[in-house]
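Inspection log for the structure reproduced underneath, given as structure tokens.
A, B, ... follow the sequence lines: proteins, then strands. Residue 1 opens every chain.
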There are 4 protein chains.
Amino acid sequence: MASRTAPDPARRSERAHSAVLAATTELVAEIGYGRLTIEAIAARAGVGKQTIYRWWPSKGAVVFDAFLAAGEHEGGIALPDTGDLAADLRAVLRPTSDELADPDTDRTYRAIMAEILNDPALQAEHRTRLLDPLLAVTRDRLRSAREAGQIAPDTDLDLAVEIVYGPLYYRWQYRLGPLTHEHADRLVDAALRALNPPSAGGGSCA
Amino acid sequence: MASRTAPDPARRSERAHSAVLAATTELVAEIGYGRLTIEAIAARAGVGKQTIYRWWPSKGAVVFDAFLAAGEHEGGIALPDTGDLAADLRAVLRPTSDELADPDTDRTYRAIMAEILNDPALQAEHRTRLLDPLLAVTRDRLRSAREAGQIAPDTDLDLAVEIVYGPLYYRWQYRLGPLTHEHADRLVDAALRALNPPSAGGGSCA
Amino acid sequence: MASRTAPDPARRSERAHSAVLAATTELVAEIGYGRLTIEAIAARAGVGKQTIYRWWPSKGAVVFDAFLAAGEHEGGIALPDTGDLAADLRAVLRPTSDELADPDTDRTYRAIMAEILNDPALQAEHRTRLLDPLLAVTRDRLRSAREAGQIAPDTDLDLAVEIVYGPLYYRWQYRLGPLTHEHADRLVDAALRALNPPSAGGGSCA
Amino acid sequence: MASRTAPDPARRSERAHSAVLAATTELVAEIGYGRLTIEAIAARAGVGKQTIYRWWPSKGAVVFDAFLAAGEHEGGIALPDTGDLAADLRAVLRPTSDELADPDTDRTYRAIMAEILNDPALQAEHRTRLLDPLLAVTRDRLRSAREAGQIAPDTDLDLAVEIVYGPLYYRWQYRLGPLTHEHADRLVDAALRALNPPSAGGGSCA
DNA sequence: TATTAACCGAGACGGTACGTCCGGTCTTAGA
DNA sequence: TCTAAGACCGGACGTACCGTCTCGGTTAATA
């Protein structure tokens, strides 16, 4: 898949590339991912099918690129370090919740998720460009909190991110309930309790 | 979808029905869900295509039925109530972990998951026959623990099940790491901390 | 290729079969063989492409079948045996000339001829259904003439048919001149001279 | 089409031109005319596609040029005038037979023939560079024979060349039989009978 | 026990989209 | 400055399956 930020020098028509992504975004919104076809994308974009096959390996890859190009997903939601871990986690879980609650994003991300589940190549792309950056900044923030004594000193950061994000995605993917700020806040509280030193009282709130 | 336990009396050939499920199981293992086709199932099962369309609405539905028929998934993993909540949760998270770690189940369940994400009808089927029973028994067990004072008296049981299961599925679906008993145990510990009364003092910061 | 006179019992839709041939005939007339596509035939006939591929091996085969179905080409132009060999040969060469002079037949037969030149399977089909019957009746008539002493008793019938038909097709394919009855008659005269006993005077005219 | 003998002064690369013809000859031999593509020729010749389109209007034109460049076809088979018409005609029909019997020439000439049938431009090229010269020298030889009283004084020379060459090409194109010297000789004999004055008496009836 | 209606296997059917190939044009990099 | 290389738009290819349909040929429950 061609990188958005470092276009393949062999690519001749930037116009074609962006037309494909735009057409894809429109079509996903109009007819949904399931009914989306490469032919329809090519027709809408005014592009030969071969041009799509030349630069993307699969329909899922096109949609994923379009998803990234459409939003500010890449590079990620900011995860600030204000010293207040709860506030900082809320600052990431609330917008994530909002995005997943948005019907357009919901539909698109479900489609991408479905492809990822069965397409290792696309999964790798997703890891590299979306998930790993998010997990990395989250681990960084938690490491900082661990050093500040706000969470248990033996906290496994990999496990910690699962505890932070897992419940939210679980609710989303099985549609167990609405994704609200209030719900996100309670997940943050629960996560902090899980990460806090189990006893010893308190935890040093900022 | 025809119920497995209450066959439609109009169904003439139980043989055909089970041959379809068997063929589906084999083919998913052999060629994967993505390459699976109704025609291939029909051919392998020695069955007319119409027979499949008569009893199942979609490829996903057949695979889901085959998945249920193949294992003891339905009716669910037992969730005992020994009084030891941690042990009881381990008794459900460990086998779940094992199943998801098994390559065959992994592949099939990913396929089903992918369909569920975009097919509301299949999602409903999944909820009814797999997820809701599991969540129900889990909520029951947690309610019992809440009454026993083992977890906070104001625990939201819906939130609680997300905290129990979410992290595991998050790790599984994004392939963040191996699914081991040790990992399952640590998730149980984390969940219990999240659900515990803030004991002495401290607890979550406002 | 399915025989027109003995339809494959597996063929289910006679409607589809004849619609294909009709659409082909129309399209050849409208856009010519070169621009003819299987897709256009299928669309015009209201038929799936696969239905065409199921019954015909190539575009040329469809066109050839359509050509046969459209005219009385098959079974052939009558070659009577009136006892007057010259008259009988004129009775076959004149209509043949007329057909080749007709713009529609000309165009279609050129297309078929072009395919035959490079497609052995189609050539065999052409031999079986068009050429061989024509050559056979011609040889029969010439044999009869040989027995009647109208042509040399040692006449090679295979060579004779080449002499009868060759010059006409040569003129046609290279567009060396107009195909008229007068021309056909002169070819008949020439052929008879070539086949007559070289000397001994005359030949027994009826 | 660029003339071989009078290169366009604008042509920059004689190397490219001959590489195209050489590649074409090779490819026709290797994969046949039907599977031959402009792209393959360009790739094999180490030439840009545009270079081919610049100098030839169609695939058939390239092949025809390659055919001419490969052999001594152009300028034609010699048709001597020894005074012995039969011998002179054998001197042209025998080598023609031989050429058409050669598998390589057969294949290539069939391909060219197929294109000629449906491409007027290529037909004109073929007439100009191959057929007309051959017919012209043949007519000349027959005119000479007519003046010498060897054939009928009212012989139509256009008809005569059809009678001379038609049967051979007829046999060739429909693959009616092997092309041997013996066969060519018999065609010459037959042609001479057809063209001879009716000698003593008889001749054509009616 | 014979009839008959349904279900069954098989697979043809009208379609849609696939991923590939190639035609003919246009753009770029480099000799 | 021109060429090789090949990206580009377009469109047909032949294939794979879809979901529907039409066939005979069993069944299995009536009559």
Requested in this report: Determine, stepwise, if the pair Glu30(A) / Arg44(A) fulfils salt bridge (charged side-chain N to carboxylate O under 4.0 Å, His left out).
Outcome: CA-CA 12 Å; Glu30(A) 288 174 23; Arg44(A) 174 73 65 104; 2.8 Å; yes

Query raised in the report: Within the structure, does a side-chain N or O atom of Trp56(B) lie under 4.0 Å from either OP1 or OP2 of dG19(F)?
Result: no

Query raised in the report: Which is true for Lys49(D) with a 4.0 Å heavy-atom rule: it touches a base, it touches only sugar-phosphate, or it touches nothing?
Result: base

**Report entry** Integer-rounded Å distance: dC8(F) C1' and Trp55(A) CH2
**Finding:** 11 Å

Query raised in the report: Do Lys59(A)'s NZ or CZ and the ring of Phe64(A) fall within the cation-pi criteria of under 6.0 Å and 45°?
Result: no

Requested in this report: Considering just the side-chain nitrogens and oxygens of Arg54(C), establish if one lies under 4.0 Å of OP1 or OP2 belonging to dC13(E).
Outcome: yes

Query raised in the report: Can you check the Tyr53(D) OH to dA5(F) C1' distance for me, whole Å?
Result: 15 Å

Requested in this report: Please examine the side chains of Thr24(D) and Tyr33(D), heavy atoms only from C-beta on, and report whether any two atoms are closer than 4.5 Å.
Outcome: no

Report summary line: Between Ala16(D) and Ala16(A), whichever has its closest DNA chain F nucleotide further toward 5' is Ala16(D)

**Report entry** Distance, rounded to the nearest Å, where Ile31(D) contributes CD1 and dC21(E) contributes P
**Finding:** 13 Å

Report task. Give a yes/no answer on whether the side chain of Thr51(D) brings an N or O atom under 4.0 Å of OP1 or OP2 in dT3(F). Result -> no

Query raised in the report: Rounded to whole angstroms, how far apart are CD on Gln50(A) and C1' on dC22(E)?
Result: 10 Å

Query raised in the report: Of the residues in residues 33-47 of chain B, which ones touch DNA chain E at a heavy-atom distance under 4.0 Å?
Result: Gly46(B), Val47(B)

Report task. Keeping the roles fixed (side chain from Thr108(C), backbone from Thr105(C)), state whether a donor-acceptor pair exists under 3.5 Å. Result -> no

Query - N/O donor-acceptor pair under 3.5 Å between Thr25(A) side chain and Leu21(A) backbone - result: yes

Query raised in the report: Rounded to whole angstroms, how far apart are CD1 on Ile52(C) and C1' on dA12(F)?
Result: 13 Å

Query raised in the report: Would you say dG9(E) has OP1 or OP2 under 4.0 Å from some side-chain N or O of Arg15(B)?
Result: yes

Query raised in the report: Could you state the NE2-C1' distance from His17(B) to dC7(E), rounded to the nearest angstrom?
Result: 15 Å

Query - Close side-chain approach of Leu130(D) to Leu68(D), heavy-atom, < 4.5 Å - result: yes

Query raised in the report: Tyr109(A) vs His126(A) aromatic rings, parallel, tilted or perpendicular, using cut-offs 30° and 60°?
Result: tilted

